[in-house]
Number of protein chains: 2
Amino acid sequence: MKKLRISIENVKNLLEAKGVKPSFQRISVLKYLLQENNHPSVDTIYKNLVSQIPTLSRTTVYNTLKLLSEKEVISTLSISNTDLRFDFVGEPHDHFQCNTCGKIYDIYEISDFSELKTVDGHQVQEMQLHLKGTCNRCLESLN
Amino acid sequence: MKKLRISIENVKNLLEAKGVKPSFQRISVLKYLLQENNHPSVDTIYKNLVSQIPTLSRTTVYNTLKLLSEKEVISTLSISNTDLRFDFVGEPHDHFQCNTCGKIYDIYEISDFSELKTVDGHQVQEMQLHLKGTCNRCLESLN
DNA sequence: TATAAATTTGTAATGATTACAAATATAGAA
DNA sequence: TTCTATATTTGTAATCATTACAAATTTATA
């Protein structure tokens, strides 16, 4: 939830390290994702960037996110039933979505399935623990 | 994945116990869900039932699933990025979706967060562990 | 039976995502 | 540098799941 300061140079290096050519649009999208740390939707990303990049196309945002996902720079969350949500692939963590305000929070230190490679003969490649309920802010405002 | 035999009478009682008036359509939808045990999409449910109920409307399937969800007879899975998937609310379990064939399998005996009520001050009401990878059938057919 | 309420239905609208081809930018060779 | 091929971006149109909504039908009740 906290906004970080990320340099363009860092994002550029990150992309190159993952084999993605660091175009201006790609740097912008990934930088936004890292800075906001907010699990944004495609629409949120687009609306925030189009003010800085007036020629930006929604399709470019889709293309970029798909590419970054394939290169495992980011991961696609399926926690929302209405739209795609994205997250940087960093330290493993889980997610909590508030049923009231819709915000998605990072949750650390609950699950540890890191050693889990196979279940019932299925080969496990990714795992996500989704928690839902009422977040602490919404709980407060109920009082 | 196994197909069960469920009597209409059982489904009717189940609906009434949860405070849902057991109309023919509602019984049909829930019976299908219980029988197939397959986490079907709305479209799958509709297509399978419309042969028996030619007048069935897709909207009715949506309405019914929404109602059953509200009454906590079924739960809505957010494991698929493309459509809604549904599951009967029975014994707690997790889900594994195959990236190759798209099938969703029930997984028992991995996670136990049953005592988890609060995380970082957020009130937890539901939780889903989503595993993704390659299922045992698809692994076999790769050889 | 008559009336009101609940349920179902079909169509149209919405909104996210994808397909696709034209336009633009980038990289490499001559 | 210029030319050419390749990669990237863009905008529009198509697709597909879901929702809105009002008419039609069914069910319950008086």
Side-chain angles (χ1 to χ4, degrees), chain A residues 8 11-12 15-16 18-32 39-71 73-86 97 102 104, chain B residues 8 11-12 15-16 18-32 39-71 73-86 97 102 104:
Chain A
I8 289 184
V11 178
K12 196 163 165 284
L15 286 171
E16 279 169 342
K18 295 279 191 166
V20 179
K21 203 174 293 181
S23 72
F24 182 61
Q25 287 83 344
R26 288 169 182 172
I27 291 173
S28 303
V29 168
L30 182 53
K31 185 165 180 283
Y32 178 82
H39 318 91
S41 64
V42 173
D43 206 58
T44 303
I45 297 171
Y46 172 75
K47 282 185 176 146
N48 276 280
L49 293 182
V50 78
S51 53
Q52 307 160 40
I53 314 168
T55 60
L56 185 67
S57 163
R58 223 174 279 265
T59 303
T60 298
V61 180
Y62 275 103
N63 289 344
T64 300
L65 292 167
K66 193 182 176 194
L67 178 67
L68 294 182
S69 225
E70 283 164 5
K71 298 288 186 176
V73 181
I74 66 174
S75 66
T76 305
L77 303 184
S78 55
I79 195 170
S80 166
N81 282 332
T82 52
D83 49 20
L84 298 171
R85 297 303 192 93
F86 300 91
Q97 183 170 39
I104 297 175
Chain B
I8 290 184
V11 178
K12 195 161 166 286
L15 286 172
E16 279 169 342
K18 295 280 190 165
V20 179
K21 203 174 292 181
S23 72
F24 183 61
Q25 287 84 341
R26 288 169 181 172
I27 290 172
S28 303
V29 168
L30 183 52
K31 185 165 179 284
Y32 178 82
H39 318 91
S41 64
V42 172
D43 205 57
T44 303
I45 298 170
Y46 172 75
K47 281 184 175 145
N48 276 279
L49 293 182
V50 78
S51 54
Q52 307 160 39
I53 315 168
T55 61
L56 184 67
S57 162
R58 225 173 277 265
T59 303
T60 299
V61 180
Y62 275 102
N63 289 342
T64 300
L65 291 167
K66 192 180 175 197
L67 179 67
L68 294 182
S69 224
E70 284 164 3
K71 297 289 186 175
V73 181
I74 66 174
S75 66
T76 305
L77 303 184
S78 55
I79 195 170
S80 167
N81 283 331
T82 52
D83 50 18
L84 298 170
R85 297 304 193 91
F86 300 91
Q97 183 170 39
I104 298 175

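As the structure is a prediction and not an experimental result, all values here were calculated from the model. All values below were derived from every heavy atom in this structure, side-chain atoms included, with hydrogens, water molecules and symmetry-related copies excluded. Reminder, nothing fancy here: chain letters follow the sequence lines and each chain counts from 1.
The two residues A/Glu16 and A/Pro22 come nearest to each other via the heavy atoms OE2-CG, 3.6 Å.
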Derivation of the side chain to side chain contact (heavy atoms under 4.5 Å, CB included) call for B/Asn81 and A/Leu84: CA-CA 7 Å; B/Asn81 283 331; A/Leu84 298 171; 3.7 Å; yes
From CA spacing to verdict: side chain to side chain contact (heavy atoms under 4.5 Å, CB included), B/Asn63, B/Thr59: CA-CA 6 Å; B/Asn63 289 342; B/Thr59 303; 3.7 Å; yes
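Heavy-atom neighbours of A/Ile53 CD1 from other residues, nucleotides or ligands within 6.0 Å: above the threshold of 12.
Atoms OG and CD, from A/Ser57 and A/Gln25 in turn, are 9.5 Å apart once rounded to the nearest 0.5 Å. Separation of atoms OG (B/Ser28) and CG (B/Leu49) is listed at 6.0 Å; rounding is to 0.5 Å. To the nearest 0.5 Å, atoms OG1 (B/Thr76) and CZ (B/Phe86) are separated by 4.5 Å. In this structure, the separation between OG on B/Ser78 and CG on A/Leu77 is 10.0 Å, given to the nearest 0.5 Å. Between the CD1 atom of B/Ile27 and the OG1 atom of B/Thr64 there is a distance of 11.0 Å, given to the nearest 0.5 Å. Between the NZ atom in B/Lys47 and the CG atom in B/Asp43 there is a gap of 4.0 Å [rounded to 0.5 Å].
Between the CG atom of A/Leu67 and the C1' atom of D/dA7 there is a distance of 11 Å, given to the nearest Å. The CD atom of A/Glu70 sits 14 Å away from the C1' atom of C/dT18 (whole-angstrom rounding). One atom, CD1 of A/Ile27, and another, P of D/dT8, lie 13 Å apart when rounded to the nearest Å.
For DNA chain C, if you chain together Watson-Crick or G-U pairs that step i with j, i+1 with j-1 and so on, the runs of at least three with distances under 3.5 Å are C:1-30 with D:1-30.
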Distances for protein N/O vs nucleotides 26-30 of chain D N/O pairs under 3.5 angstrom?
none

Per-nucleotide protein contact string for nucleotides 10-19 of chain D, where B marks a base within reach and S marks sugar-phosphate only (heavy atoms under 4.0 Å, - for neither): BBB----SBB
